[in-house]
2 protein chains.
Amino acid sequence: MTRPIGKTIRVVIVDDHPMLREGTRVCLERAPGIAVVGVTGIGREAIHLVAEHRPDVLLLDLRLPDISGVEVARQVRAAYADTAIVVLTGYGDAGYLRALRPLGIRGYLAKTATDAEIVDAVRRAAAGCTMVTSQSEGEILTEPLTPREREILRRLVAGQRNAEIAAALLISAKTVEYHVSNIFTKLGARSRAEAIRIAHEQGILLLEDAGRNQE
Amino acid sequence: MTRPIGKTIRVVIVDDHPMLREGTRVCLERAPGIAVVGVTGIGREAIHLVAEHRPDVLLLDLRLPDISGVEVARQVRAAYADTAIVVLTGYGDAGYLRALRPLGIRGYLAKTATDAEIVDAVRRAAAGCTMVTSQSEGEILTEPLTPREREILRRLVAGQRNAEIAAALLISAKTVEYHVSNIFTKLGARSRAEAIRIAHEQGILLLEDAGRNQE
DNA sequence: CCGTGACCCAGGGTTTTCCCCAGGACCCTA
DNA sequence: TAGGGTCCTGGGGAAAACCCTGGGTCACGG
């Protein structure tokens, strides 16, 4: 898993901001022993680039125009385990991290990172080091939500009432109350507003449900 | 107000992402007739840079570590009206635009913009053109919230109950109900959950209150 | 076969929110 | 001095949310 010293670290950069891509590219290419072999802002193209170049490190933004960076990480992790993944996190992405932990990400990097920090993170990732903050950003959700609960939580966050949710799902309002109550228990919330806040903080709604947002 | 043709366009770049700053800088310096005279990621330093260099164009990010980009824009607009301001907007910044319109911003630019778009935007801004999308990003909030209402909305979004808000602000619960009701009317919401959603969408809570987040 | 978990429904209770109504104090500007 | 805006306070009532209890079906695996 660890790379021999002296070999050039090959990096693929994935971010949907051209300017940030460019800045990161010149920054990394100025560093000795690091070469940027691919750059893109599109998720599917990122997977192709990894398949083609088999880079040592994948610098990956989570917000991409086509598919989620989480999805890219999952596929790369499954098919090309030799590539170390370093996630570039923006402002509101703290919730994503929870979902990424089981995927074996090699490091997290804030987008506000400086030249030195990025070069350092890339070098460490290539060397096999795992930089996980893990203990930060609050506690982990003990009990996971069921699909039905996520469905209802999503509508709750959207501002729907119990009665509206019941009508949309063709179930009774009492059943909605039941699920909402369970959601509160699992999230540790005491009101809808609190549940909404926690859902945002933990990023519960941002995950794998991207494919069925069609109403 | 318009600049004579042939003169070099002098630009100051303000963004808290070093990589994006660097990318934008090299991009602009590659373009003929454009020179970057200052670069920073800090709001107060941005104002100093403008005062010192009197640039033709200020490329301004809205999220800065110290003071809001909105505040920077306001001060620059007031003291150095010759400097055209082009705002760099990220993902969730749609709400900011509402607050910026009365300030006479010369242009809005998505952070996902390409080299050509940025160079073009800078040239147009320096030439006196105003590029306002204005009609996009949904409806504009007709009535702005009062400071008291924003304060209460912030707590509402944080998940506090009316009684808790009342206790925190040392006012009666009935008064909180009154403000909450007014907030609903102004936002077009029918419940707290809806108000929270709208507040997030419009970015109402992200504005100038950065300086008093201390509880 | 029986336990477990997810899902569904219901009654009955308290609490909170929501939506009208009303009035008074303060500051700023015209 | 008179208005207008903001902030504060209050009552009463309907609606929604919240919290507990109790049922039931279905699919899964020991």
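A, B, ... follow the sequence lines: proteins, then strands. Residue 1 opens every chain.
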Any A/Thr175 side-chain nitrogen or oxygen under 4.0 Å from OP1 or OP2 of C/dC9: yes
Between D/dC8 (P) and B/Leu170 (CG): distance, integer Å: 10 Å
is_close_aromatic(A/His200, B/His200), centroid dist under 6.0 Å: yes
Phosphate contact (D/dC18 OP1 or OP2) by A/Arg192 side-chain N/O below 4.0 Å: yes
Spacing of B/Ile165 atom CD1 relative to C/dT16 atom C1', expressed in whole Å: 12 Å
Value in whole Å for how far the P atom of D/dA16 lies from CD of B/Glu194: 13 Å
Shortest non-hydrogen contact from A/Ser191 toward A/Phe184: C-CZ, 3.5 Å
Whichever of B/Glu149 and B/Glu177 has its nearest DNA chain D nucleotide further upstream toward 5': B/Glu149
Phosphate-side-chain proximity, A/Ser191 and D/dA17, N/O vs OP1/OP2 below 4.0 Å: no
Shortest non-hydrogen contact from B/Gly159 toward A/Ala193: CA-CB, 3.7 Å
A/Ile171 CD1 to D/dT25 P, straight-line distance once rounded to whole Å: 19 Å
Protein-nucleotide distance (A/Ile183, atom CD1; D/dC19, atom C1'), rounded to Å: 15 Å
Salt bridge flag under 4.0 Å for residues A/Arg154 and A/Glu151: yes
Short side-chain N/O contact to D/dC8 OP1/OP2 from B/Ser172, under 4.0 Å: no
d(OH, B/Tyr178; C1', C/dA25) in whole Å: 13 Å
Between C/dA6 (C1') and A/Glu151 (CD): distance, integer Å: 15 Å
Heavy-atom pair of closest approach, residues A/Glu117 and A/Leu109: O-CD1, 4.2 Å
Atom pair distance, as rounded to whole Å: CD1 in A/Ile152 and C1' in C/dC8: 11 Å
Distance test, side-chain N/O of B/Arg148 to OP1/OP2 of D/dC8, below 4.0 Å: yes
side-chain N/O B/Asn162 vs C/dT16 OP1/OP2, d < 4.0 Å: no
side-chain contact (heavy atoms from CB on, under 4.5 Å) partner of A/Arg21, chosen from A/Thr40, A/Val39, A/Asp61: A/Val39
Pairing string, 5' to 3', for DNA chain D - Watson-Crick or wobble contacts under 3.5 Å, brackets [ ] where pairs cross, | to another strand: |||||||||||||||||.||||||||||.|
Gap between atom NE2 of A/His17 and atom OG1 of B/Thr24 - 0.5 Å precision: 10.5 Å
Touch class at under 4.0 angstrom, heavy-atom based, for A/Thr146 against every strand present: sugar-phosphate
Under 3.5 Å donor-acceptor pair, A/Lys174 side-chain atoms to C/dG12 base atoms: yes
Minimum heavy-atom distance between B/Ala121 and B/Val86, given as atom pair plus value: O-CG2, 4.4 Å
Nearest-nucleotide pick for B/Phe184, side chain only, options being C/dC9, D/dC7, C/dC18: C/dC18
